[in-house]
Visitor: 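Here it is, the structure, as structure tokens.
Note that these values count all heavy atoms, side chains included, but never hydrogens, waters or copies made by symmetry. Residue numbers start from 1 in every chain, and the chains themselves are labelled A, B, ... in the order their sequence lines are given, proteins ahead of strands.
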There are 2 protein chains.
Amino acid sequence: MQKLFKYFKEFNPLSKEAENAITEISDIVTIKKNKDLQPIGHTCKTIYFINKGVARIYYYKDGIDITESFSFENNIIARVESLFTGKPSRKAIQILEDAEVVAINANQLFKLYDTFPEIERLFRKIFEAAYVETVNRIEGMQFHSAEERYNALLNEAPNVLMKVPLKYVASYLGITQVSLSRIRGHR
Amino acid sequence: MQKLFKYFKEFNPLSKEAENAITEISDIVTIKKNKDLQPIGHTCKTIYFINKGVARIYYYKDGIDITESFSFENNIIARVESLFTGKPSRKAIQILEDAEVVAINANQLFKLYDTFPEIERLFRKIFEAAYVETVNRIEGMQFHSAEERYNALLNEAPNVLMKVPLKYVASYLGITQVSLSRIRGHR
DNA sequence: CTATTCCTTTAACATAAGATAAATAATCAG
DNA sequence: CTGATTATTTATCTTATGTTAAAGGAATAG
């Protein structure tokens, strides 16, 4: 849990009691490459923190596997469209590299918000930051060619391209695998 | 302020004291069509609620005007990439139809979070919902043709197409005005 | 009301990305 | 280690969207 609390500290430092309360509602889970940490169709009731490994959120559109996002070590991953609405998620979380994650029970966490305003504030800030990232991503998608998007990714998150199969990267960029391959063979 | 508090109630009902505290840090502003409510380059220090009228957030990419989002009556509008980071915004808020808005001072609001956890919770929920919308929008952009995106907008938010100049809609959809025109003359 | 400006459409052409198929290359199970 | 599966690249052809230009309509200022 050490890395998790260090991560939290960047957003909103917690009291020892608050940290203990979070520890109580969390589990450490290890999971192998290519396994789904969370399946499609279930309502998201867990927020994960990645101690080690790589994960992605994906879904199917017209039968085609599409990557919504990637997450790496020292980051949170959750299917917010389900977590914040209580509706079943059409998305799954898949592990792309053998992982150890902290699984935080979301319903119990939300209850902690009542007794620990500092925890509510912490997660408010975490998701505000995630929201900003998402808004910035829309900007990137709005008027860039696939090649520009690829180059931007190469700059901003080279680890994505080092650690993730390209077919997953292609759909993340909103293009086909074949197009990505063409772009990589530059031109 | 009535409409605003009614809107708030959908997310998290407030005590009378909390409502009064928000009233104290808010102003009613009327502003004419085509005026900028907030200019590019300023750090966002205000959260707006639209009592009446239409607005959009826009920015320039390579000198071209791009619409990030639209907001209508009974909704919040804010440049979150600036509001939540404290950095100057590269975006502006423009009024597209004569408007009356409630301007909530963000710094003072954030101070209220300390004395009124219910207000912090309210805005947490408001922005969580906005975050979910943004995530869903990415999904819409990831693997739909321009025509599909246009038709989806036509279904989900026909008022956008009724009330907003098409050139602004085009960049919102991530296409040129000419392409939008072609799509509208179907195929 | 009129003239000017701005918005939208239409047309012709250029180009980036999709689809399909097939050839390599890499990974994995036994 | 080997065969089988899976991932990536390459090639060809098609199509959607961008670009530029020009014309027609709508809105606005004076």
Side-chain angles (χ1 to χ4, degrees), chain A residues 31-36 53-54 56 58 60-67 70 94-98 139-154 158-187, chain B residues 31-36 53-54 56 58 60-67 70 94-99 140-154 158-187:
Chain A
I31 176 164
K32 288 281 181 195
K33 183 170 171 174
N34 290 327
K35 295 283 179 201
D36 276 2
V54 176
R56 68 173 183 132
Y58 72 96
Y60 291 99
K61 176 162 282 172
D62 305 326
I64 296 167
D65 173 319
I66 297 179
T67 299
F70 299 108
Q94 183 189 29
I95 298 301
L96 299 179
E97 220 177 54
D98 290 2
E139 195 181 322
M141 295 179 81
Q142 230 170 353
F143 262 101
H144 281 299
S145 67
E147 185 161 2
E148 289 170 318
R149 269 148 35 217
Y150 172 77
N151 287 325
L153 187 66
L154 204 57
N159 51 346
V160 171
L161 292 152
M162 309 295 291
K163 296 191 164 192
V164 170
L166 291 172
K167 60 173 182 170
Y168 297 148
V169 175
S171 65
Y172 173 80
L173 290 171
I175 57 177
T176 61
Q177 204 185 149
V178 174
S179 292
L180 178 56
S181 215
R182 175 162 43 200
I183 286 164
R184 282 162 56 84
H186 54 34
R187 192 246 91 67
Chain B
I31 175 164
K32 288 281 180 194
K33 183 171 173 173
N34 290 329
K35 294 283 178 198
D36 276 1
V54 178
R56 69 173 182 132
Y58 73 97
Y60 290 99
K61 178 163 279 172
D62 306 326
I64 296 166
D65 174 319
I66 297 179
T67 298
F70 299 107
Q94 184 188 29
I95 298 301
L96 299 178
E97 221 178 53
D98 291 1
M141 296 178 80
Q142 230 170 352
F143 263 99
H144 281 301
S145 67
E147 184 160 4
E148 288 170 320
R149 266 142 44 212
Y150 172 77
N151 287 324
L153 187 66
L154 203 59
N159 50 347
V160 171
L161 291 153
M162 309 295 290
K163 297 189 164 193
V164 170
L166 291 172
K167 60 174 183 169
Y168 298 148
V169 175
S171 65
Y172 173 81
L173 291 171
I175 57 177
T176 61
Q177 205 185 147
V178 175
S179 291
L180 178 56
S181 216
R182 175 164 41 202
I183 286 165
R184 283 162 57 82
H186 56 29
R187 198 242 89 70

Visitor: Minimum heavy-atom separation for B/Phe143 to A/Thr176, with atom names?
Guide: CZ-N, 4.4 Å

Visitor: Which protein N or O atoms sit under 3.5 Å from an N or O of nucleotides 3-8 of chain C?
Guide:
unit_1, atom_1, unit_2, atom_2, d
C/dC7, OP1, B/Lys167, NZ, 2.7
C/dC7, OP2, B/Lys167, NZ, 2.6
C/dT8, OP1, B/Leu166, N, 2.9
C/dT8, OP2, B/Leu166, N, 3.2
C/dT8, OP2, B/Lys167, N, 2.9

Visitor: Measure across B/Asn34 and B/Gln94 and return the closest heavy-atom pair with its distance rounded to 0.1 Å.
Guide: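 That closest heavy-atom pairing would be O-NE2, 3.6 Å.
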
Visitor: Go through it in stages, so that I can follow the logic: the residues are B/Ile183 and B/Leu173, the test is side-chain contact (heavy atoms from CB on, under 4.5 Å), and I'd like the CA-CA distance, side-chain angles, deciding distance and then a yes or no.
Guide: CA-CA 12 Å; B/Ile183 286 165; B/Leu173 291 171; over 6 Å; no

Visitor: Side chain of B/Arg149, backbone of B/Gly140: donor and acceptor closer than 3.5 Å?
Guide: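 No, the answer is negative, given that no donor and acceptor are paired below the 3.5 Å cut-off.
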
Visitor: Whole Å only: how far is the NE2 atom of B/His144 from the C1' atom of D/dT15?
Guide: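 Whole-Å distance recorded here is 19 Å.
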
Visitor: Could you check how far CG of A/Leu161 sits from C1' of D/dT8, rounded to whole Å?
Guide: 14 Å

Visitor: A/Pro165 and A/Lys163: which non-hydrogen atoms are nearest, and at how many Å?
Guide: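 Here A/Pro165 and A/Lys163 meet closest at CD-O, 4.1 Å.
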
Visitor: What integer distance in Å separates A/Tyr150:OH from C/dA17:P?
Guide: 14 Å

Visitor: How close do B/Leu96 and B/Lys33 get, counting heavy atoms only, and between which atoms?
Guide: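 Minimum heavy-atom contact is O-CG, 3.5 Å.
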
Visitor: Testing the basics here: between B/Thr67 and B/Tyr168, what is the closest heavy-atom pair and its distance to 0.1 Å?
Guide: OG1-O, 3.1 Å

Visitor: Within a reach of under 6.0 Å around NZ of A/Lys61, are more than 12 heavy atoms found that belong to other residues, nucleotides or ligands?
Guide: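 It does: A/Lys61 NZ has more than 12 such atoms within range.
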
Visitor: What is the distance, rounded to the nearest whole Å, between atom CG of A/Leu173 and atom C1' of C/dG18?
Guide: 15 Å

Visitor: A/Glu147 has an atom CD; how far is it from atom P of D/dT17, in whole Å?
Guide: 20 Å

Visitor: How does protein reach along nucleotides 18-30 of chain D, written 5' to 3' as B (base within reach of a heavy atom under 4.0 Å), S (only sugar-phosphate), or - (no contact)?
Guide: BBB-------S--

Visitor: What's the verdict on side-chain contact (heavy atoms from CB on, under 4.5 Å) for A/Arg56 and A/Val164, showing C-alpha distance, side-chain angles and the deciding distance?
Guide: CA-CA 9 Å; A/Arg56 68 173 183 132; A/Val164 170; over 6 Å; no

Visitor: What is the separation between atom CG on A/Asp62 and atom P on C/dA19, rounded to the nearest whole Å?
Guide: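 A/Asp62 atom CG is separated from C/dA19 atom P by 10 Å.
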
Visitor: Within this structure, what is the CE-to-C1' distance between A/Met141 and D/dT17, rounded to whole angstrom?
Guide: 16 Å

Visitor: To 10°, what angle do the rotation axes through the five end pairs on each side of the helix from C/dT8-D/dA23 to C/dG30-D/dC1 form?
Guide: 50°

Visitor: Of all heavy-atom pairs between B/Gln142 and A/Ser171, which one has the smallest distance, and what is that distance?
Guide: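 Nearest pair, atom of B/Gln142 first, then A/Ser171: NE2-O, 3.3 Å.
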
Visitor: Quick one: CD on B/Gln177 to CG on B/Leu180, what's the gap to the nearest 0.5 Å?
Guide: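 Answer for the CD-CG pair, B/Gln177 versus B/Leu180, is 8.0 Å.
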
